[in-house]
Chemist: 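Structure in structure tokens, see below.
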Amino acid sequence: MDKKEISYTAAIKEIETILGKIENQELDVDELAGKLRRVTELIKTCKSKLHSAESEVDKILKEIGD
Amino acid sequence: MDKKEISYTAAIKEIETILGKIENQELDVDELAGKLRRVTELIKTCKSKLHSAESEVDKILKEIGD
Amino acid sequence: MDKKEISYTAAIKEIETILGKIENQELDVDELAGKLRRVTELIKTCKSKLHSAESEVDKILKEIGD
Amino acid sequence: MDKKEISYTAAIKEIETILGKIENQELDVDELAGKLRRVTELIKTCKSKLHSAESEVDKILKEIGD
Amino acid sequence: MDKKEISYTAAIKEIETILGKIENQELDVDELAGKLRRVTELIKTCKSKLHSAESEVDKILKEIGD
Amino acid sequence: MDKKEISYTAAIKEIETILGKIENQELDVDELAGKLRRVTELIKTCKSKLHSAESEVDKILKEIGD
Amino acid sequence: MENSSSVSLLELNSQIKSCLHKGFMAPVWVRAEINQYNEHYSGHCYIELIEKGANTDSIQASVRATIWASAFRRIKAHFETSTGQCLSEGIKVLVRAHVDYHEVYGISLNIREIDPNYTLGDLARKRLETMRKLEATGIMDMNKELPFPVVPQRIAIISSLSAAGYEDFTNQMQQNKNKIHYYLKLFPATMQGSSVPLSIMAALDKVAEHERLFDVVVVIRGGGSKTDLSHFDDFDLAYYIAQFPLPVITGIGHEKDDPVIDYVAHTRCKTPTAVASYLLEFGIEFESELDWLNEKISSESKSLLVVEKQRLKDLSEGINASTKLYMEQAESLLREDLLQTEAATKQYLQQLNFSLNRLGDSLTLGSYQFLNRSQSYQEKMLYMVESAMQRRFEKENNRLQVLSKDAQFANPDNILKKGYSVSYYKGKAIKDPSEIDIGETIETRVYKGSFKSRLLE
């Protein structure tokens with residue numbers, strides 16, 4: 001799945017799912033690193049979304065302020 | 001919707017709805033900027049309505065004063 | 001409505017109704033200027049009625065006084 | 001109503017009624033001049049009635065005096 | 001004249017009624033002169049009855065003895 | 001079976017099965033040595049998997065931290 | 001026989017006389033009523049005394065009596081001055097008398113004295129009785145209740161031309177100062193003697209025939225003795241007067257007299273003159289009332305006109321003032337409305353501006369809060385994933401350690417260490433010696449190595 005295509009909310013949901021599985025020991029040790037990589041990817045995506053949202057918000061709010 | 005066509009009251013109502021969603025974290029981060037942009041438009045519309053009302057009011061009152 | 005056709009009392013009543021709406025902020029900004037214009041028209045009508053009544057009244061009262 | 005046909009008492013009552021309405025601001029400004037004109041007529045009628053009564057009373061009293 | 005015709009009592013009663021109305025301002029100005037005339041007439045009648053002999057009465061009284 | 005191909009979870013399960021049998025003296029002396037050998041191999045495999053997972057996770061986390 | 005057993009009339013009368021004289025030596029006091037009364041020209045007075053039954057008029061006892069001329073003058077004068085009453089028929093007397101008997105004339109009382117006090121008491125009692133009787137009829141006030149005319153101008157007079165006071169009365173009435181005309185008509189009646197009641201009643205009858213012609217009736221008679229006036233105490237007369245349809249005014253006798261008819265009359269005056277004054281007063285009063293009314297009506301009419309004039313003036317001024325006030329108020333109301341509208345509009349706009357600004361502020365704050373919360377949630381998730389993994393690794397490490405120990409424990413070398421050994425034959429642990437043939441080689445493992453041996457038995 002392209003990281004651009006997953007929504008922020010879906011990403012957060014996936015991270016929560018993975019966290020659940022880790023906590024419930026539903027994951028094989030072999031898979032752990034892979035899942036972590038997925039999580040970091042998702043977070044990266046989220047961060048980027050957040051940053052872009054932030055900068056846009058800044059821009060918009062600046063416009064209002066004017 | 002054309003900004004000329006929405007009434008001031010309706011605009012304010014829409015702004016408040018969106019603000020409520022933002023405050024309750026009910027929006028996707030992806031949507032935030034879009035919604036915010038809508039709100040700023042609405043506010044701009046309202047301000048313009050307000051300004052035109054104000055200047056018209058001033059004019060009318062000045063006429064009476066004379 | 002032609003200003004000649006509304007009675008003084010009705011005019012005053014209408015002015016007060018509009019005033020009440022403004023005070024209770026029941027008017028949409030879009031309507032405000034229009035209503036204000038109506039009020040000023042009504043007041044103008046009333047003033048004119050009052051002035052014409054006044055000159056006539058003065059004349060009559062002078063007769064009574066004699 | 002012909003001023004000759006109204007009795008003095010009825011005339012006074014009518015004047016007082018109109019006066020009451022003026023005092024209680026119950027008259028429409030539009031009506032004021034008309035009502036005042038009526039009052040002046042009534043007062044004139046009353047004065048004339050009073051004068052004729054006076055001269056007749058004087059005459060009668062003079063007759064008795066003799 | 002029969003003594004019952006206009007008795008002193010009836011005359012006094014009528015005079016007092018009229019006087020009462022004048023005192024209580026119940027009399028219309030229009031009626032004043034007429035009522036005053038009536039009262040002066042009644043008083044005149046009473047006085048005349050009081051002072052002058054009615055020949056008819058004298059005649060009748062004379063006849064009784066016979 | 002190549003040791004690379006057995007999953008961590010499966011390895012753990014086999015170890016525990018063998019150790020269970022030993023404890024219950026279900027194994028012949030002749031088999032014992034063999035099975036023990038298998039166990040030590042499996043444990044080694046697991047340890048290695050664990051270490052590699054750990055080091056990979058560390059690496060990933062370090063990447064994020066940067 | 002006849003001679004011895006009978007007496008002659010003279011003898012009898014002589015015996016009666018002697019008995020009576022013995023029995024009535026002293027004079028006696030006797031109460032009786034005079035039934036017949038006769039003053040003889042000779043100066044003697046002959047009387048018949050009787051006693052009537054308590055409640056009847058029937059005569060229960062009677063006796064002749066005489067007052068000799070020598071005593072009569074004294075007795076009569078004393079009696080009449082004391083009682084104001086003549087000795088006459090019908091009066092009760094207390095007499096002091098000798099019982100005389102004359103053979104020819106029979107029994108008679110020789111009156112020596114008459115006590116006037118007894119008769120006086122009797123008169124008073126009689127008068128009282130009449131009053132009581134009248135009272136009992138319930139008509140005492142009937143005449144008083146008749147309406148009295150405003151001016152009693154037509155007056156029927158019951159009197160006699162010769163009666164004292166009559167002329168005074170008519171003069172007074174006809175020559176009154178106020179020149180009020182009175183119609184006087186005399187209905188003659190006897191005003192003296194016992195025929196008074198009947199005569200007056202007859203006169204009243206005549207008045208009654210012409211009732212409508214008169215306002216009042218006056219009964220007048222001046223002066224007179226007590227006895228004269230006692231006829232005006234008559235019950236029947238009083239009864240008649242009480243019910244007479246016209247008001248009756250009495251003026252009988254002197255100042256101190258009060259005959260019974262005074263009590264039933266509409267009005268009692270002391271004397272005829274007093275009646276005239278009383279009647280005249282009404283005319284005087286009425287005339288002055290007329291004058292007063294005349295003045296009053298004049299002044300009230302004038303003041304009514306004054307009041308009305310003032311009222312008109314007040315109304316004019318009131319109209320003037322209140323109209324001006326009305327206009328001022330209307331104007332100020334308009335001004336106020338305008339000012340209020342202006343203020344309200346401006347306030348409304350200000351309020352809207354403020355609200356909009358506040359919305360903008362809320363939006364800024366909300367947006368940044370939104371972003372912050374998102375970010376911190378994200379960080380929290382990463383941290384939780386990290387620590388969950390850490391925990392997992394720890395757990396797996398522990399598990400592997402435990403498993404290693406268990407495996408070590410299961411190693412047979414541990415048993416061999418304690419001196420146990422295992423022997424093998426053909427690579428298999430020997431559990432049954434019979435499986436091995438004698439002379440065969442077996443291998444035995446001990447802790448520190450192994451050795452081979454041959455089976456001897």
Side-chain angles (χ1 to χ4, degrees), chain D, chain G residues 150-151 153 177-181 283-344:
Chain D
M1 202 191 302
D2 189 293
K3 73 173 179 175
K4 286 289 157 203
E5 282 180 41
I6 194 169
S7 79
Y8 182 89
T9 309
I12 289 290
K13 200 156 230 167
E14 196 178 335
I15 295 171
E16 282 171 348
T17 306
I18 295 173
L19 176 57
K21 282 191 179 170
I22 296 175
E23 279 173 348
N24 298 326
Q25 217 87 8
E26 283 169 24
L27 277 186
D28 197 300
V29 168
D30 305 333
E31 298 173 285
L32 186 63
K35 288 289 180 188
L36 272 184
R37 199 165 293 287
R38 173 77 184 145
V39 165
T40 52
E41 262 167 37
L42 289 167
I43 287 180
K44 229 182 274 172
T45 305
C46 287
K47 274 190 180 165
S48 125
K49 275 167 184 284
L50 210 54
H51 283 307
S52 72
E54 212 167 9
S55 61
E56 221 173 329
V57 163
D58 280 347
K59 212 180 86 195
I60 295 163
L61 294 182
K62 217 174 167 190
E63 279 169 25
I64 303 173
D66 296 344
Chain G
V150 175
V151 181
Q153 215 173 347
K177 272 192 293 187
N178 297 69
K179 298 191 172 153
I180 293 168
H181 183 82
I284 294 167
E285 219 165 84
F286 182 63
E287 195 162 20
S288 74
E289 189 181 354
L290 284 179
D291 290 341
W292 182 81
L293 284 173
N294 199 359
E295 258 171 51
K296 184 86 178 158
I297 202 103
S298 302
S299 68
E300 288 297 337
S301 298
K302 280 181 195 160
S303 81
L304 177 80
L305 290 170
V306 170
V307 166
E308 289 305 328
K309 239 183 206 168
Q310 185 61 42
R311 192 211 293 256
L312 267 186
K313 205 174 152 211
D314 289 349
L315 281 175
S316 293
E317 283 170 6
I319 288 280
N320 213 312
S322 54
T323 303
K324 278 178 182 158
L325 191 67
Y326 177 92
M327 298 301 284
E328 272 168 29
Q329 271 174 359
E331 224 153 35
S332 83
L333 184 71
L334 273 184
R335 257 200 311 275
E336 236 168 72
D337 275 350
L338 181 59
L339 283 176
Q340 229 171 320
T341 306
E342 210 176 312

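Chain naming here is simple, since letters A, B, ... match the order of the sequence lines and numbering starts at 1 in each.
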Chemist: Supply the atom-to-atom distance D:Ile15 CD1 to G:Leu312 CG, rounded to the nearest 0.5 angstrom.
Modeler: 6.0 Å
Chemist: Counting heavy-atom pairs under 4.5 Å to chain G, which of D:Thr40, D:Leu27, D:Val39, D:Ile18 comes out on top?
Modeler: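 Winner by heavy-atom pair count: D:Leu27.
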Chemist: Side chain, backbone, both or neither: which part of D:Val29 has an atom under 4.5 Å from a heavy atom of chain G?
Modeler: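 When you check distances to chain G, atoms from both the backbone and side chain of D:Val29 fall under 4.5 Å.
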Chemist: Above 12 or not: heavy atoms from other molecules or residues under 6.0 Å from CD of G:Glu295?
Modeler: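 Count not over threshold, so no.
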Chemist: To the nearest 0.5 Å, what is the distance between CD (G:Glu308) and OG1 (D:Thr9)?
Modeler: 7.5 Å
Chemist: D:Val57, D:Ile60, D:Ile12: which one forms the most heavy-atom pairs within less than 4.5 Å of chain G?
Modeler: D:Ile12
Chemist: Quick check for you: to the nearest 0.5 Å, what is the distance between D:Ile22 atom CD1 and G:Met327 atom CE?
Modeler: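 Between D:Ile22 CD1 and G:Met327 CE, I get 10.5 Å after rounding to 0.5 Å.
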Chemist: Measure the spacing between CD of D:Glu56 and CG of G:Leu305 and express it to the nearest 0.5 Å.
Modeler: 11.0 Å
Chemist: Does any heavy atom of chain D fall under 4.5 Å from the side chain of G:Lys309, the backbone, both, or neither of them?
Modeler: both
Chemist: Measuring only between side-chain heavy atoms, which start at C-beta, is D:Leu61 closer than 4.5 Å to G:Lys302?
Modeler: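 The answer is yes, as the side chains (C-beta and beyond) meet within the 4.5 Å cut-off.
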Chemist: Write down the atom of D:Glu23, the atom of G:Ser322, and the distance for their closest heavy-atom approach.
Modeler: CG-CB, 3.6 Å
Chemist: Let me confirm one number: the CG-CG distance from D:Leu19 to G:Asn320, rounded to the nearest 0.5 Å.
Modeler: 11.0 Å
Chemist: Between G:Tyr326 and D:Leu32 (side chain of the first, backbone of the second, donor and acceptor by atom type, cut-off under 3.5 Å), is there such a pair?
Modeler: no
